Amino acid sequence: MSKYVISSSPHLRDHVTTRSIMQDVCIALLPACVAGVLFFGYRSAVIIALAVAAAVLSEWFYCKAAHQKSTIGDFSAVVTGMLLAMNLPSTVPYWMPVIGSIIAILLCKMIFGGIGQNFINPALAARAILALSWASLMNTFAAPAFGNLAGVDAIASATPVSGAAAGNFTLTQLMLGNIPGTIGETCKLALLIGAAYLFVRRVISWHIPAAFIGSFAVCYLLATGFDVSATLYQVLSGGLILGAFFMATDYSSSPATAKGKIIFGLGCGLLLFIFRYCKKTPAEWCSFAILLMNVVSPLIERVTGTKSFGEVKKNG
Amino acid sequence: MAITQTFGGGVHPREIGNGKKATQSAQIITAAAPARVTIAMVQHGGAPAACCVKVGQTVNMGQVIGEAQGFVSAPVHASVSGKVVAVTTCTVASGKTVPAVVIENDFEDRWDESVRPCENVDALTDADIVGIAARCGIVGLGGAAFPTAVKLNTSKAEKKPDTVIVNGSECEPYLTSDHRLMVENAAKIVDGIRFAMKGCGAKRAIVGIEDNKPDAVEAMKAAAGDGVEVVALPAKYPQGFEKMLIYALTGRRVPNGALPLAVQCVVLNVATCAALSDAVREGRPIIDRIVTFAGRVANPCNLRVRIGAPLMDLIDEVGGLTDGVRKLIVGGPMMGNTVPTLNLPITKNFGGFLALGEKAISAEETACIRCGRCLRACPMGLMPAKIDALVRKGNYDGAIAAGAMNCMECGSCTYACPAKRELTQSCRVAKAIARSKKTK
């Protein structure tokens, strides 16, 4: 036996690993986490911590029970936990993030084969299940109080996108996040900083967010007779920014081809427009728009296969 | 069609630059003549050469010791003068054991009488040049070692080539032999390019050089004249692949399964052009080549080495291996193959030697996360992860349908994969199985 390793080429590998990608997503979510705590108090921090811990433990437990090598080192469970927490109001009881993370990891990810195999975004699926099971708890939002870490009273307050409060906030408020809403989706500025980081690190590409937000905005402009401020209001409210940059871009549940990503994004934008514009119910439909597109993602990928380099007409 | 100067996909290995720095600015050194050479009869694409010398026979430098067999083949010449001490077999870098001739060097460097300068170069016809390339055993020195005469012989081609594409891109990290040759011997390369143009009947030639070698671009531009254009290309792997290079320089796409001739191009490496110049002007066959020794060797450098020289002696000449070597690689780090031993002879297609440490050992494979990086990296527009998944399920027909046969095995997908999956290897498996089915 030779003391030298024999292997097939290539012998160089990029420094990017699954773990580094997932850690980048965690870093990108940090500004939104901090904003959530600043606006909604210490409860937000506890909810984020519980969601992450429950997600990681669920995955570890599943691997143990299934006699598989533990995969928690890849940080994907941490991402799922953080994303789920971003989607919860700060007022939910502490068992909610725990149940949510267990649903996300066990029911939506691990039983389908773990990372890369889940056909829907686990955090969004868990949010949908929680929202349908405990509708009132999931729709009770605290009024924001910047810097009041002790937390604010759980008052039923309508979000900008829904109910009576729709239209009651300024665009600056929407941007900064001092509006009622879930922990992670109110401060658009923090989300955009995180999204910029993901672009710079090449974790996500422009295709899905641009197609998603773009198609939604265009539809809204057309429907409102080019009311720019109303459109901006819609773009910056609810879960659209969080959804477009952090949820719809989930690798497993979106197409891998560039063309497929654009179709996927267009579908998300169109569905969200239909839900928000035509069904004026006090609920946030962004997760459902993405979840629906998740389900057709394999189909989109199938019909948008790549074109090989040499696929040209002879004499062409 | 416009010159795009680049291509879709590909990767920028971080080592580009770093790996090359150790050897790119030092002059090529001629290695000490070996005491004994082991010359393989298979150093080219196509049929093996047939040994035509006997044990005990005295041979001259440049004398034919293996005759070409058939159309796609190349003769093999003695790289030293001396006595044949064995007609045997040897293991070459690819791992194959092939017939070989062992010659003991008498250190006289006595040229064979067949090696004669051409008296009137201008009077040569295209057929003469093709004949010289065939007789002198000129093969592609970039790595594939396809016989050059076969490429240049376009007398029976339906569409005549109009362009000679000259590959000076040297896109593999670490390797700098072509770079140094261009800097030190640009005039000879351009001379060879002109013979290649004449040989295949093309009216123009384009030399593509990656822009991380500005001194080579400058030297080649200074040497180039009428009909020979030098283009600096953005450094990106695999720029030096035939199809990518043709596309970058002419905008033409070689159809799947076709040769460059289909788009009226003939592609030659710069070192091959220099060898062609020597063959035409001096009658000199290929008896040596330039090899980059890099990575964990004491004195990384470019050596001009005789064909058949023992790799072991050359490693001693560059100061031996340093500590922590885990992989020995013949060729570049992206395409080269690992070898278990230094007990190998130099062949015409010996592209480089690398001794790499721990970082050349890949981490364990993990699950595909469907990130699409392989898809973006693939210069051939394939979906490597999809092919990989099909191959692992044993669905080889599915993998072929997904385009596995078009894979050039450049390794970009595997390089880019964050889950460290052996995607290129899956394509190789699919191709090998498809080929074995065809021959059954």
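All values below come from the heavy atoms of this structure, side chains included, with hydrogens, waters and symmetry mates left out. So that the names make sense, note that chain A is the first sequence line, chain B the second, and so on, each numbered from 1. Note that the coordinates shown come from a computational prediction; the quantities given were computed from them, not determined experimentally.
- Contacts of residues 397-406 of chain B with chain A at a heavy-atom distance below 4.5 Å involve B/N406, listed in sequence order.
- Contacts of B/T414 with chain A are made by both backbone and side-chain atoms, with heavy-atom separations under 4.5 Å.
- Atom NZ of B/K420 has more than 12 neighbouring heavy atoms from other residues, nucleotides or ligands inside a 6.0 Å radius.
- Looking at A/I21, the atoms closer than 4.5 Å to chain B (heavy atoms on both sides) all sit in the side chain, from C-beta outward.
- Between B/E365 and B/R392 there is a salt bridge, since a side-chain N of the basic residue sits under 4.0 Å from a carboxylate O of the acidic one.
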Check against side chain to side chain contact (heavy atoms under 4.5 Å, CB included), B/L328 and B/L321:
CA-CA 10 Å; B/L328 305 177; B/L321 303 179; 4.0 Å; yes
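- Checking B/R428, B/E422, B/Q425 one by one against A/S9, the side-chain hydrogen bond (donor to acceptor under 3.5 Å, both in side chains) holds for a single residue, B/R428.
- Only the backbone of A/S254 comes within contact range of chain B, judged by heavy atoms closer than 4.5 Å.
- Taking chain B as the reference chain and counting heavy-atom pairs below 4.5 Å, the highest number among A/G305, A/A258, A/A256, A/S253 is found for A/A256.
- Heavy-atom pairs under 4.5 Å with chain B peak, among A/T249, A/V5, A/V203, at A/V5.
- A salt bridge is defined here as a Lys NZ or Arg NE, NH1 or NH2 lying under 4.0 Å from an Asp or Glu carboxylate O, and A/D74 with A/R19 fails to meet this definition.
- Only the backbone of B/V339 comes within contact range of chain A, with at least one heavy atom under 4.5 Å from a heavy atom of that chain.
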